[in-house]
**Q** 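One structure, as structure tokens, below. Some questions next.
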Protein chains: 2
Amino acid sequence: MDKTGFTHLLPNKDSCHDCFKKEQCLAKQLTISDVEGLSALISKNIKYRCGDYIYRQGDTSENIFIVKSGATKSLINSVEGNELVIGFHFAGEVLGFDAIDTNIHASSVLALDNSIICGFSRQLLDRLCTTDATFQKELIARFSHEIVRDYQLLILINKKTAEQRVAIFLLELLVRMGSSRGQVIHLNLVMSRADIASYLGLVPETVSRVLSKFERMGMLVVKKKKLQIVNDQLLVKYSNNQPLQKLPEPNAMEGNAIPLALLY
Amino acid sequence: MDKTGFTHLLPNKDSCHDCFKKEQCLAKQLTISDVEGLSALISKNIKYRCGDYIYRQGDTSENIFIVKSGATKSLINSVEGNELVIGFHFAGEVLGFDAIDTNIHASSVLALDNSIICGFSRQLLDRLCTTDATFQKELIARFSHEIVRDYQLLILINKKTAEQRVAIFLLELLVRMGSSRGQVIHLNLVMSRADIASYLGLVPETVSRVLSKFERMGMLVVKKKKLQIVNDQLLVKYSNNQPLQKLPEPNAMEGNAIPLALLY
DNA sequence: GAGGCAAACTGATCTAGATCATTTCAGAAA
DNA sequence: TTTCTGAAATGATCTAGATCAGTTTGCCTC
């Protein structure tokens with residue numbers, strides 16, 4: 001029936017008016033008629049298969065993209081040739097902010113899954129920015145949001161243990177996938193262990209080992225790309241580097257007299 | 001004579017018209033009269049002493065700032081209480097982009113030196129954005145630039161050796177300080193070893209050791225905060241992880257028969 | 001259902017850089 | 001000048017995670 005693999009992702013027609021994601025769209029505050037009038041400048045519902053590039057590092061920037069469904073990763077190819085994953089993007093997120101200044105993409109983005117993505121031409125972007133103050137504000141807000149998100153990744157990478165990184169990553173995924181906490185959650189890891197490792201500044205083997213350990217601790221059940229979070233409270237503990245077996249803090253004694261023997 | 005320590009930084013009057021940094025200013029493309037008309041919304045030449053905060057993480061955002069002279073660092077305080085340096089900012093750079101979306105600063109910025117900084121009220125920012133298309137474009141371009149810069153820091157941190165990190169950091173400083181390459185350069189490190197270490201995802205001792213090693217290799221002369229770059233070509237080699245003493249690659253043999261003894 | 005293949009997992013070993021413990025040094029105060 | 005103080009340098013040791021070397025697993029294709 002569905003030979004394309006996309007039909008289930010498209011419950012609506014090829015129009016902004018019926019878009020089931022319009023609440024998350026960059027242009028959400030424009031009236032429908034505004035957008036429809038500029039329809040020629042929007043490429044709606046472009047289909048990407050797993051592994052397809054949305055754009056490549058070095059490409060001239062033609063569009064800003066909005067992920068409607070599916071998932072993508074963005075990466076940077078270093079001079080030495082190895083690639084560094086710098087982000088994962090899900091429905092509602094905007095792609096292409098890296099090229100507004102220079103017109104050249106500083107990163108590549110590719111689909112991790114069959115994905116539907118809309119493109120706003122740069123021309124439309126400029127036009128809306130000058131004619132529509134609300135749109136412009138929304139755009140700048142998203143820029144700012146992106147900068148704060150980058151900070152978070154820096155924090156995640158900096159001086160955290162492998163276990164913390166993986167725990168934080170999983171919790172972040174839970175939030176972004178919109179799952180509520182405190183119950184058994186099924187998570188479909190759309191990215192490979194190597195992708196996660198690159199993103200977290202680790203090596204695939206380490207990610208694998210940490211996931212296995214977390215499984216042994218009863219926090220989750222791992223079955224390749226299918227993850228089942230069983231105990232997210234414990235996951236939170238690990239994300240703060242407070243594993244179960246940790247000894248009480250030295251100052252747990254405070255309030256009692258400290259034996260002299262411990263001071264000398 | 002100059003008891004304030006600031007006079008030498010201010011060769012011009014307290015006006016945008018005479019500002020010696022106007023070419024680098026966010027509002028550079030506005031005509032002088034435009035800006036002067038909005039003068040009440042610009043706090044010109046605010047003086048900060050070494051250690052003063054320009055703003056703190058969690059503060060409500062009142063202004064966008066432009067560094068006119070001096071230097072600042074931005075940092076994030078983690079939940080555990082330790083601080084992470086995420087950037088250094090010199091003349092011409094804009095501060096405060098992290099709070100445009102939420103109105104709350106996600107990071108703190110403090111002066112590393114006596115610094116002169118101008119503040120644009122958020123109100124002015126909004127006004128210029130709606131009335132002046134060129135200003136708005138410039139602002140968005142700077143946002144995009146900031147995002148790309150964040151990518152660079154991610155690359156710097158990710159999977160690079162301590163020597164690479166320090167070498168890249170020094171080369172980056174050379175560029176940002178505007179020094180031309182290929183000659184002996186005097187560099188005044190305005191930040192501490194601890195700041196550099198935090199920024200590079202290392203520990204102060206490691207930064208110290210690497211600088212000492214670079215000195216032994218004849219690349220630079222270290223005298224606390226005064227650095228003298230003697231051989232920047234070698235620094236470039238180290239930044240690519242190609243130190244001098246490295247053995248020839250294994251495939252240097254290719255073309256010759258490989259001795260069986262090496263295979264077993 | 002067999003064969004092929006790439007991702008994921010696991011165990012053994014190694015090492016870059018962290019940690020801990022001093023020492024040195026430069027600038028400020030007295 | 002001497003003393004004081006905090007940053008920086010240096011040496012010795014330790015360890016988290018990388019690296020290397022397989023093995024296992026799930027998923028194609030025929």
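The analysis underlying the following values was restricted to heavy atoms, covering all of them including side chains, and did not include hydrogens, waters or symmetry mates. Protein chains get the first letters and strands the later ones, always in sequence-line order, with residue 1 at the start of each.
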**Q** NA contact type, B:K225, heavy-atom cut-off 4.0 Å: base, sugar-phosphate, or nothing?
**A**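 Counting heavy atoms under 4.0 Å across all strands, the contact made by B:K225 is with sugar-phosphate only.
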**Q** Which nucleotide, D:dT25, D:dC20, D:dA8, lies nearest any side-chain atom of A:K224?
**A**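 Selected nucleotide: D:dT25.
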**Q** State whether B:S208 places a side-chain N or O below 4.0 Å from either non-bridging phosphate oxygen (OP1 or OP2) of D:dA7.
**A**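 Result: no.
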**Q** Within the 4.0 Å heavy-atom criterion, would you say A:L202 contacts the bases, only the backbone, or no part of the nucleic acid?
**A**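 Since only primed, P, OP1 and OP2 atoms lie under 4.0 Å of A:L202, the category is sugar-phosphate.
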**Q** Between which nucleotides of DNA chain C, 5' to 3', does chain B make heavy-atom contacts below 4.0 Å?
**A**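 So the outermost contacting nucleotides come out as C:dG17 to C:dA26.
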**Q** Side chains of B:N114 and B:K47 only: does a donor on one sit below 3.5 Å from an acceptor on the other?
**A**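 No, B:K47 and B:N114 have no side-chain donor paired with an acceptor closer than 3.5 Å.
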**Q** In whole angstrom, what separates B:E205's CD from D:dA7's C1'?
**A**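 That distance rounds to 12 Å.
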**Q** Whole-Å distance between D:dT10 P and B:R209 CZ?
**A**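 One finds 9 Å between P of D:dT10 and CZ of B:R209, rounded.
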**Q** Mind checking A:V210 for me? I need base, sugar-phosphate or nothing, with any heavy atom below 4.0 Å counting as a touch.
**A**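 Nothing, no nucleic acid heavy atom in range.
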**Q** Between the main-chain N or O of A:Y48 and the side-chain N or O of A:S115, is there a donor-acceptor pair closer than 3.5 Å?
**A**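 No, A:S115 side chain to A:Y48 backbone: no donor-acceptor pair under 3.5 Å.
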**Q** Going by the rule side-chain contact (heavy atoms from CB on, under 4.5 Å), which residues pair with A:L154 if we only count those two or more places apart in sequence or in a different chain?
**A**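 Result, side-chain contact (heavy atoms from CB on, under 4.5 Å) vs A:L154: B:I86, B:L153, B:L154.
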**Q** Using a 4.0 Å heavy-atom cut-off, does A:K223 contact any base of the nucleic acid, only the sugar-phosphate backbone, or nothing at all?
**A**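 The answer is nothing, as A:K223 stays clear of every strand by at least 4.0 Å.
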**Q** Taking atom types as modelled, is there a side-chain donor on A:D98 or A:H105 under 3.5 Å from an acceptor on the other?
**A**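 Short answer, yes.
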**Q** Among residues at least two apart in sequence or on other chains, which ones pass side-chain contact (heavy atoms from CB on, under 4.5 Å) with B:N77?
**A**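 Per chain and number, B:N77 pairs via side-chain contact (heavy atoms from CB on, under 4.5 Å) with B:Q57, B:L75, B:E83, B:S108.
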**Q** Between atom CG in B:D195 and atom P in D:dA7, what is the gap in whole Å?
**A**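 Checked: the CG to P distance equals 10 Å.
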**Q** Starting at CG of A:L220, measure out to CD of A:E215 and round the result to the nearest 0.5 Å.
**A**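 That separation rounds to 7.0 Å.
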